[in-house]
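Please read these numbers as outputs of a predicted model, since none were measured by experiment.
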Amino acid sequence: MPTRASMAKNKYLKPIAHRFLRSDLWHFNRRSVPRGVALGMLAGFLVPLGGQTFVALFLALPMRANVPIAAVATFITNPFTYPFWIAIANQIGKSMLQVEPGTTRSTVHEVVDTQFVSEVAQWLGWLGREAAVTFFGFAVLAIVFAAVGYVVSSFGWRWWIGRKRQAELAKRESEWLGDGE
């Protein structure tokens with residue numbers, strides 16, 4: 001998890017560190033936290049492993065989202081869960097695009113298959129079709145998880161703050177009643 005101090009000392013971020021060090025990007029409030037969750041999940045699904053956190057951090061700047069939350073939310077996709085998400089994205093893409101195995105032939109693919117009869121060309125054609133379907137599935141997952149993450153974190157934030165306020169009111173009431181006796 002990047003801290004303000006570590007980002008200020010990083011030699012690669014030094015030219016733009018003043019943008020990352022703005023205090024409003026590090027405060028936890030009812031607007032910045034849901035934005036951070038949504039941007040983190042969006043970057044987590046759309047950007048391949050390795051660059052997600054940096055993309056989320058750069059997206060957090062203009063959107064005034066919470067930087068630490070955006071960075072943490074990208075971990076929904078990590079090296080351990082990525083194969084699972086690939087399978088889910090592929091299935092979502094196939095079902096939404098109504099692609100069935102072996103029936104995704106177009107005239108372009110038929111021309112390519114007749115010109116290059118080799119197994120490598122067929123394998124590359126299959127890989128290209130599956131990659132496109134899987135990328136579409138990841139785009140759908142990114143949009144859905146970003147929206148759901150925003151709504152859930154927004155309601156979660158309100159619930160948490162409401163619980164803190166009720167506890168504070170109960171404490172004040174008990175102090176007030178205790179002083180009156």
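In this structure, Glu168 places its CD atom where more than 12 heavy-atom neighbours from other residues, nucleotides or ligands lie under 6.0 Å away. Phe155 CZ: 12 or fewer foreign heavy atoms inside a 6.0 Å radius. Other residues, nucleotides and ligands place more than 12 heavy atoms under 6.0 Å from the OH atom of Tyr82.
Proximity of the aromatic rings of Phe136 and Phe45 is defined here by a centroid distance below 6.0 angstrom, and this criterion is not met.
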Quick one: do Ile161 and Arg30 satisfy side chain to side chain contact (heavy atoms under 4.5 Å, CB included)? Show the steps, please.
-> CA-CA 9 Å; Ile161 294 298; Arg30 66 184 174 100; over 6 Å; no

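Closest heavy-atom contact between Arg35 and Arg64: NH1-O, 3.4 Å. Met41 and Ala73 get closest at one heavy-atom pair: N-CB, 4.0 Å. The two residues Ala71 and Thr53 come nearest to each other via the heavy atoms CB-CG2, 3.8 Å. Closest approach of Ile92 and Gly137 over heavy atoms only: CG2-CA, 4.3 Å. Nearest heavy-atom pair across Ala60 and Val67 is CB-CG2, 4.2 Å. A pairwise comparison of heavy atoms in Ala139 and Leu46 identifies CA-CD2, 3.8 Å as the closest pair.
Judged by distance alone, with hydrogens and angles left aside, the side-chain atoms of Ser95 form a donor-acceptor pair with the main-chain N or O of Gln91 at under 3.5 Å. Remark: the backbone N or O of Val47 is paired with a side-chain donor or acceptor of Gln52 at under 3.5 angstrom. Without hydrogens or angle criteria, Thr77 side chain to Gly44 main chain gives a donor-acceptor distance under 3.5 Å.
Checked against Ser153 for a side-chain contact (heavy atoms from CB on, under 4.5 Å), the options Val37, Asn66, Ile69 give a single hit: Val37.
One hydrophobic cluster holds both Leu61 and Leu57 under the rule that ILVMFWY side chains link at heavy-atom gaps under 4.5 Å. Val133 and Phe84 fall within a single hydrophobic cluster, where Ile, Leu, Val, Met, Phe, Trp and Tyr are joined by side-chain heavy atoms under 4.5 Å apart, directly or via other members. Taken together through direct or relayed side-chain contacts under 4.5 Å among Ile, Leu, Val, Met, Phe, Trp and Tyr, Val55 and Leu39 form part of one hydrophobic cluster. Taking hydrophobic clusters as Ile, Leu, Val, Met, Phe, Trp and Tyr residues chained together by side-chain heavy-atom distances below 4.5 Å, Phe54 does not share a cluster with Met63. Phe28 and Leu59 are assigned to two separate hydrophobic clusters, defined by single-linkage of ILVMFWY side chains at heavy-atom distances under 4.5 Å.
Looking at heavy atoms from C-beta onward, Thr81 lies out of side-chain contact with Ile76 at the 4.5 angstrom threshold.
With values rounded to the nearest 0.5 angstrom, Ile86 atom CD1 is found 7.5 Å from Thr134 atom OG1. Atom CD of Gln98 and atom CE of Met96 lie 10.0 Å apart (nearest 0.5 Å). The OG1 atom of Thr74 sits 11.5 Å away from the CG atom of Leu42 when rounded to the nearest 0.5 Å.
The aromatic rings of Phe145 and Trp85 sit perpendicular to each other, their planes meeting at more than 60°, with 30° as the lower class boundary.
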